[in-house]
Amino acid sequence: MLDAPAASAWAPFTPPYPVPRSPVVALIRQLLEGEGNLLGLLPAEAYHAPIGPLGYSRRSIIVVNEPALVRHVLSDPEGIFPKSDLMVEALDPLIGDSIFVSSGATWQRQRRMIDPALSHMRVNRAFPDMQAGCDLAEETLAQHAEAGKTFSLDLMMSHLTADIICRTVFSTTLETRTAHDVFDAFTIFERSVAQVEFRRLIMDRAWTKVPQRAHVLEACRLIRGHLGELLDRHLAAGARFDDIAAAIIAARGLDGGPGFTREELIDQLGVMFLAGHETSASALTWAFAILAMQPGLVARLRAEIEEVTQGGVITFEHTKRLTLVRNVFRETLRLYPPITFLPRIANAATTLGTYKVKRGALVMVAPWVLHRHRGYWKDPNLFDPDRFLPEREKEMTPGAYIPFGIGPRICAGAAFATVEATLLIARLFRHFDWQVEAPHRIRPAARLTTRPAEQVMCRVTKA
Ligand code: HEM
């Protein structure tokens, strides 16, 4: 038997990324391949310019990289950069005018009401549910290990994070019929939603209405119906539940103003399901695939876990002290930010620095590009979790790392996601060795989130 590699043997490495091409080559390849992967459209210039146009399209598309301009667009002090028309329209049948897509006073009221439901204290209270989801995952993995079974890493992570959202938001599990139906309909939605359809992006003018396909609308109707059932169970039970849904139901506007209506609650709970599991599943799929290929890094993680927990159960407090585990998660979010693009639309003609922006332009802040920008990162494509150590902080460009967004619209679930990912990485690598099949075939694609273009198949053995 081979000895485990010494922790010190590990060195940073370069995980897969699409080699950027000139704008014309990028466009032709995209049209020929037709797989709708927007990463392939990003020209080499995007990774070193502060701001500039993207490709050839009917509407103006601008990529913004300069951190001060990024902050300006996302903070939007003049109220002229709402979420892009493409995104709002695509998500409307699922989540209506909810916190993820709304703007102005509507968004302000919603944010004030939702923030407490995802506060640090609330995440602490949700931690036992995260642990229970993890227990179940460990049981499943032990069975796979015993049977020598090959399984889809992507699907396993989607199930696991959806189960944790069901437990923490609704006090139910993914094993129930209703939750499973939500998950299945969500998968249909995610695969077919026309949010970033390549041809629309190039051919359509701003604010062009394109009807969603019938089966997408049917999936949304099903999801909303089931969310309504889960909600009614809570409404009927009064104060019996102590979960995130209960906190959102109890939330009141300023000065005790009215809470959310039933329809609004379904919208907001839809956001919890959408934003709360798909993003984490994307990040964890990448983190697990990377770690599976880097046994030397896993050896370092295990040494840290044993030192922090002294061989005991991983608690909420421990998650804050597992520095390397957190830094692996941070570095994964840098190289594979789940939300690849943060698109806004310019509602009025304006300037960004000296760059003229036309009314109707699509203004793209792209964490994917910003996190690999040559001007802001040393060895941008290298996976090196230690770049987040305090002693190397001076290497970082403030505002160039935004996996959770920046400004007032920063992710409301960032604390939830960080604690969840730290726990899952630490526990599932502590007890299992992971191997991915055909690692050379793994390549990233930008869909609803950043995902491997093909499913990653893997196996586990007991560590
Ligand atoms: C690794 C996991 C996650 C990542 C990378 C992520 C990333 C983001 C980003 C980039 C935004 C801002 C979008 C924009 O400005 O256009 C956002 C917003 C949001 N996220 Fe997350 N998210 C994650 C997990 C979660 C979780 C677990 C929840 C809830 C349980 C959540 C709830 C939200 C909500 C409610 C918003 C809307 C905030 C607003 O507009 O005021 N997210 N997320």
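One is the number of the first residue; the rest follow in order along the sequence. Note that ligands are numbered from 1 as they come in the structure, with each ligand's atoms numbered from 1 the same way. Side chains are part of it too, since the values below use all heavy atoms of this structure and drop only hydrogens, waters and symmetry mates.
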> When rounded to the nearest 0.5 angstrom, what distance separates CG in Leu297 from CZ in Arg302?
Replying inline: 11.0 Å

> Salt bridge check: are Arg326 and Glu331 linked by an N-O gap of less than 4.0 Å?
Replying inline: no

> So among Ile345, Asp204, Asn347, which one has a side-chain contact (heavy atoms from CB on, under 4.5 Å) with Asp85?
Replying inline: Ile345

> Where does the angle between the aromatic ring planes of Phe273 and Phe186 fall among parallel (under 30°), tilted (30 to 60°) and perpendicular (over 60°)?
Replying inline: perpendicular

> In chain order, what residues pass the salt bridge (Lys or Arg N to Asp or Glu O under 4.0 Å) check against Glu395, with sequence neighbours excluded?
Replying inline: Arg392

Under 3.5 Å: N or O atoms of ligand 1 paired with protein N or O:
from, atom 1, to, atom 2, distance (Å)
ligand 1, 15 (O), Arg344, NH2, 2.8
ligand 1, 16 (O), Lys83, NZ, 2.9
ligand 1, 16 (O), Arg344, NH1, 2.8
ligand 1, 16 (O), Arg344, NH2, 3.4
ligand 1, 40 (O), Ile99, O, 3.3
ligand 1, 40 (O), Arg409, NE, 2.8
ligand 1, 40 (O), Arg409, NH2, 3.1
ligand 1, 41 (O), Trp107, NE1, 2.7
ligand 1, 41 (O), Arg111, NH1, 2.8

> Centre of Trp377's six-membered ring, under 6.0 Å away, within 45 degrees of the axis: is that where NZ or CZ of Arg374 sits?
Replying inline: no

